[in-house]
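No hydrogens, no waters, no symmetry mates; every other heavy atom, side chains included, goes into these values. In what follows, chains carry the letters A, B, and so on, assigned in the order in which the sequence lines appear, proteins first and then strands, with residues in each chain numbered from 1.
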There are 2 protein chains.
Amino acid sequence: MGRIKTDNNHTRKEVIITSAAALFKEKGFKAASMRELADVVGVEAASLYNHIHSKSELLHIICFEVANRYMHTMDEIEAEATNSIQKIEKLLRFLITGMVLHYDEVYVSDREWKHLSEPYLSNFQSQRRTFRKRFAAIIEQGIAKKEIKKIDAPTAVLILLHAVSGIESWHRSKVKINGKELEENMITILVGGLKK
Amino acid sequence: MGRIKTDNNHTRKEVIITSAAALFKEKGFKAASMRELADVVGVEAASLYNHIHSKSELLHIICFEVANRYMHTMDEIEAEATNSIQKIEKLLRFLITGMVLHYDEVYVSDREWKHLSEPYLSNFQSQRRTFRKRFAAIIEQGIAKKEIKKIDAPTAVLILLHAVSGIESWHRSKVKINGKELEENMITILVGGLKK
DNA sequence: AAAATACACTAACACTCGTTAGCAATATAA
DNA sequence: TTATATTGCTAACGAGTGTTAGTGTATTTT
């Protein structure tokens, strides 16, 4: 075969990671083989190892890319001087556009993190928990200030996060509404459901 | 080892299926091995094949048990002489309690159906599509009768379904609110988000 | 008690998997 | 051009996979 094609902005490793995200999404981490990945990239399986250490490295790079982006955004939004509803709306919009833009990575990070190996697994779970707690805290502040219905905040977080990850099926669907319209619909339903 | 233990109401095959659902949920279909399943059941791997035909049979039994239950309920609810909001609420309550009661099976059916083999795969996907279309139709009727906000019905369906499947994490969480309370919270947020 | 059935065992099969070793070709730096 | 670092290849490894064949032993039926 030839060598791995790169436009000049991406290293060969990055090309592999991108293809891996797409493949892991489609087949699942365990079911996807390095030989398939090599095929997609246009190379023999063994050649991949000139660029990466292991299959599991691919998974943890993908997962933490997403996790770090989430944490970074949470930092920003917490720091803003806005009310809870505004913070939640901004967070949702970030999650939705993030899902539309980095679909493969977010999907894999969402569904395949179980296959991370230690210490990455524990680390990832901990980041996930923290993110949800901070999200719930925002909702609880909103409840305290009577901007939001009196509901169980952790439950609300679960609903919101999973509703967003439902975009998965939107992505597969043929009669797509466009991304912006999707976003507005979700905000209407979800924020509308929280507001007092 | 001994033989597979059964209380008198369940066949040995049913015991295997139940254990398989739990194992597939925990490890994922591909990552779960027949030798592990045999361990759980208390028997050697080869012995399983006195009761089942193959690993993939286990998956499609689990998936279609859930799918059939969904279809059956949809039939019932469609036939009722109630308005859209009431139908949606009933559907949601069914989905939520179904998730709490048959957690492993629903989870596996939700996340692992991709690994079904033909013709089961096509059949399952088709049932899934049909269920969603019928759900969307109920929402659209509600919009036409101005009971529901003017939103994109298929998007709303995705949000509702994925919000419900988020109970997964509730199930894992240690500080659980009880099932009934969970249900009320979800109804409040989700139906509240739809209502005009 | 005898015969038939259900069920579990051991051993092994044909594969696929991730990964490594060693070597050849190509691109880059001197 | 020569030397060096990159990147690819083939071949093979050891481990794990689902599954089958054949055999022995309980349990159930007659």
| task | If a protein heavy atom is under 4.0 Å from the base, mark B; if only from the sugar-phosphate, S; if neither, -; do that for nucleotides 16-22 of chain D going 5' to 3'. | result | -BBBB--
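Annotation for A/Ala31 and B/Lys30: closest pair CB-CG, 3.6 Å, computed over non-hydrogen atoms.
Put simply, A/His51 has no side-chain N or O that comes within less than 4.0 Å of OP1 or OP2 on D/dT6. Contact annotation: A/Arg12 reaches the phosphate of D/dT7 (side-chain N/O to OP1 or OP2, under 4.0 Å).
A side-chain donor-acceptor contact under 3.5 Å links A/Asn185 to the backbone of B/Asp152. Proximity of a side-chain donor or acceptor of A/Glu65 to a complementary backbone N or O of A/Ile62 within less than 3.5 Å is not detected.
If you take NE2 on A/His162 and CG on B/Leu158, they are separated by 14.5 Å, rounding to the nearest 0.5 Å. One finds the CD1 atom of B/Ile77 at 7.0 Å from the CD1 atom of B/Ile138 (value rounded to the nearest 0.5 Å).
Following rounding to the nearest Å, B/Arg3 (CZ) and D/dG24 (P) show an atom-to-atom distance of 18 Å. As rounded to whole Å, 14 Å separates atom C1' of C/dT19 from atom CD of A/Glu44.
Counting heavy atoms from C-beta on, the side chains of A/Lys13 and A/Glu57 come closer than 4.5 Å. Looking only at side-chain heavy atoms (C-beta outward), A/Tyr120 and A/Leu59 stay at 4.5 Å or farther from each other.
Taking a pair as Watson-Crick or G-U wobble with both distances under 3.5 Å, the runs of three or more consecutive pairs in DNA chain C are C:1-16 with D:15-30, C:18-28 with D:3-13.
Residues meeting the ring-ring contact (aromatic ring centres under 6.0 Å, His included) test with A/Tyr70, sequence neighbours left out: A/Phe94, A/Phe131.
Side-chain proximity of A/Val43 to the nucleotides C/dC9, D/dC9, D/dT7 is greatest for D/dC9.
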